[in-house]
Amino acid sequence: MTTNHVPVSPGQLAPLYASTDGLSGKVALVCEGGGQRGIFTAGVLDVFMEEGFDPFDILIGTSAGAQNLSSFMCQARGYAREVITGYTTRAEFFRPLHFARGGDLVDLDWYFDVLANRLPLDTATGLGRLGRRQLLFCSTRAGDYRPHYFDPRHSDWLTGLKASSAIPLFYRAGVEWQGERYLDGGVADAVPVREAYRRGARTLVVVRTVPQHSRFSLHWARRLEGWIGRERLGELMQMVAAHERCFNDTRDFISRPPADARIIEISPHRPLHSRVLGSSRQQLDQDYQLGRHCGLYFLHTLGPAVAALGRQ
């Protein structure tokens, strides 16, 4: 049985396909953001690395998804798990009291200093493995809230990652690059499947950090309104509008992809225990193990068919 949208989760068995008849074009790996919920993606990609599964022509991610793809391209198994569990849980990074006093909720400068100096990725290996493939980190241009896709071959690798991860209102400065200011890519393109398709991908493996059929909610925006005050509500609602637009467009694209594309959606079958920020190590470990479980399930069911298409 074939279908253009195949959800992959051990908690909800999906119709599988074994044939690749009628499919051509590139294979993409697309990774959603989600802050600490990216620990689920870390579990999926660690399994991919352990099994040597890498048929992808295009790799594109947002925020935590971009960070996970960096670990994958550099073949740093366990790196994303170590960074999320060991450093985003620290008081130096997550600072709610500082935020209540008017500062930033997260110290992204400290975090990227850790990535640059204490836990540097082997980006030379990453660029060597990249070859003619495309690796892209999605960010949001602050001037118009439109997406921008950083290519680490044409910009500093960590600058692109930081721009993709600069959560608006939580890290107010954003990231300056070539005269523009950039914010977290989740505002403009949280799950960049359409961009992967535009660049030629026709089989898209999409790793989500929320369950399939999740709906857009303004609950988080209302909470932020209470934290930041009504005087900044205008800026907030512009970002909400951009995020809602991209969320709805992405949901429609994934559920009803073009006739010449197939989307395989790896997602948790239930909401993750982890939150965007403020998760415990126990919650993170539970969701990492769930990601590993989902990654193995995908490899044992659909992996061979995807591998047969890869880099033809």
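Note that the numbering runs from 1 along the sequence shown for the chain.
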Separation of [Y] [atom2] from [X] [atom1] (nearest 0.5 Å):
| X | Y | atom1 | atom2 | answer |
| --- | --- | --- | --- | --- |
| F93 | L277 | CZ | CG | 6.0 Å |
| L183 | I167 | CG | CD1 | 11.0 Å |
| S274 | Q286 | OG | CD | 8.0 Å |
| T123 | L158 | OG1 | CG | 7.5 Å |
| I60 | C138 | CD1 | SG | 6.5 Å |
| L204 | K26 | CG | NZ | 12.0 Å |

Is there side-chain contact between [X] and [Y], with at least one heavy-atom pair below 4.5 Å?
| X | Y | value |
| --- | --- | --- |
| I254 | E265 | yes |
| V306 | V205 | yes |
| V191 | V206 | yes |
| M49 | V47 | no |
| T250 | D189 | yes |
| L130 | M73 | yes |
| R202 | L309 | no |

Would you call [X] and [Y] a salt bridge, taking side-chain N to carboxylate O under 4.0 Å as the test?
| X | Y | value |
| --- | --- | --- |
| K162 | D109 | yes |
| R133 | D57 | no |
| R153 | D151 | yes |

Mind listing the closest non-hydrogen atom pair of [X] and [Y] along with its distance?
| X | Y | value |
| --- | --- | --- |
| S267 | C294 | O-SG, 4.0 Å |
| S164 | S63 | OG-N, 2.6 Å |
| L105 | F99 | N-CD1, 3.4 Å |
| L299 | P304 | O-CD, 3.3 Å |
| F48 | L29 | CE2-CD1, 4.4 Å |
| Y149 | P192 | CE2-CB, 4.2 Å |

Legend entry - side-chain hydrogen bond (donor to acceptor under 3.5 Å, both in side chains) involving R281 - partner list, sequence neighbours excluded: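 In terms of side-chain hydrogen bond (donor to acceptor under 3.5 Å, both in side chains), with neighbours along the sequence ignored, R281 is linked to no residue.
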Short question: side chain of [X], backbone of [Y] - any donor-acceptor pair under 3.5 Å?
| X | Y | answer |
| --- | --- | --- |
| D104 | R172 | yes |
| R95 | A91 | no |
| D156 | T159 | yes |

Got a sec, which residues hit ring pair (Phe, Tyr, Trp, His ring centres under 6.0 Å) with [X], two or more places apart in sequence or on another chain?
| X | answer |
| --- | --- |
| Y171 | none |
| F72 | none |
| H148 | F150, W177, Y182 |

Inset, instruction - Only counting residues at least two apart or in another chain, list the ones meeting side chain to side chain contact (heavy atoms under 4.5 Å, CB included) with E176. - result: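 Expected list: R181.
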Legend entry - For S280, all residues meeting side chain to side chain contact (heavy atoms under 4.5 Å, CB included), sequence neighbours excluded: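 So S280 forms a side chain to side chain contact (heavy atoms under 4.5 Å, CB included) with Q282, Q283.
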Inset, instruction - Starting from V175, walk the hydrophobic network (Ile, Leu, Val, Met, Phe, Trp, Tyr; side-chain heavy atoms closer than 4.5 Å) and list everyone else you reach, by chain and number. - result: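 Noted: V175 shares its cluster with no other residue.
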Legend entry - Members sharing Y288's hydrophobic cluster (side chains within less than 4.5 Å):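 Hydrophobic cluster check, Y288: joined to I39, I84, L284.
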Legend entry - All pairs passing ring pair (Phe, Tyr, Trp, His ring centres under 6.0 Å) where residues 190-212 contributes a residue, at least two apart: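 Ring pair (Phe, Tyr, Trp, His ring centres under 6.0 Å) check on residues 190-212 returns Y197-F253.
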Legend entry - Audit row: T41, E32, side chain to side chain contact (heavy atoms under 4.5 Å, CB included) steps and yes/no: CA-CA 8 Å; T41 307; E32 183 176 22; over 6 Å; no
Inset, instruction - Show your working on side chain to side chain contact (heavy atoms under 4.5 Å, CB included) between V207 and V30 and close with a plain yes or no. - result: CA-CA 6 Å; V207 184; V30 180; over 6 Å; no
Inset, instruction - Can you sort out the partners of R118 under salt bridge (Lys or Arg N to Asp or Glu O under 4.0 Å), two or more places apart, ordered by chain and number? - result: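 R118 satisfies salt bridge (Lys or Arg N to Asp or Glu O under 4.0 Å) with no other residue.
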Inset, instruction - Apply salt bridge (Lys or Arg N to Asp or Glu O under 4.0 Å) to R77 and list each qualifying residue two or more places apart in sequence or on a separate chain. - result: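 Result, salt bridge (Lys or Arg N to Asp or Glu O under 4.0 Å) vs R77: E50.
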For the residue pair [X] and [Y], confirm or rule out a side-chain donor-acceptor distance under 3.5 Å.
| X | Y | value |
| --- | --- | --- |
| Q67 | S165 | yes |
| S279 | Q36 | yes |
| Q134 | R199 | yes |

Legend entry - Of all pairs that satisfy side-chain hydrogen bond (donor to acceptor under 3.5 Å, both in side chains), the ones with a partner from residues 78-87, not counting sequence neighbours: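 As it turns out, the side-chain hydrogen bond (donor to acceptor under 3.5 Å, both in side chains) pairs with a partner in residues 78-87, which skip direct neighbours, are R81-D285.
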Legend entry - Verdict with supporting geometry, Y111 and F94, side chain to side chain contact (heavy atoms under 4.5 Å, CB included): CA-CA 10 Å; Y111 179 75; F94 181 54; over 6 Å; no
Inset, instruction - Please assess R37 against R275 for the test side chain to side chain contact (heavy atoms under 4.5 Å, CB included), listing each intermediate value before the final yes or no. - result: CA-CA 6 Å; R37 292 196 304 247; R275 299 183 289 272; 5.8 Å; no
Inset, instruction - Output, in order, the C-alpha distance, side-chain angles, deciding distance and verdict of salt bridge (Lys or Arg N to Asp or Glu O under 4.0 Å) for D287 and R270. - result: CA-CA 10 Å; D287 292 338; R270 52 149 177 83; 3.8 Å; yes
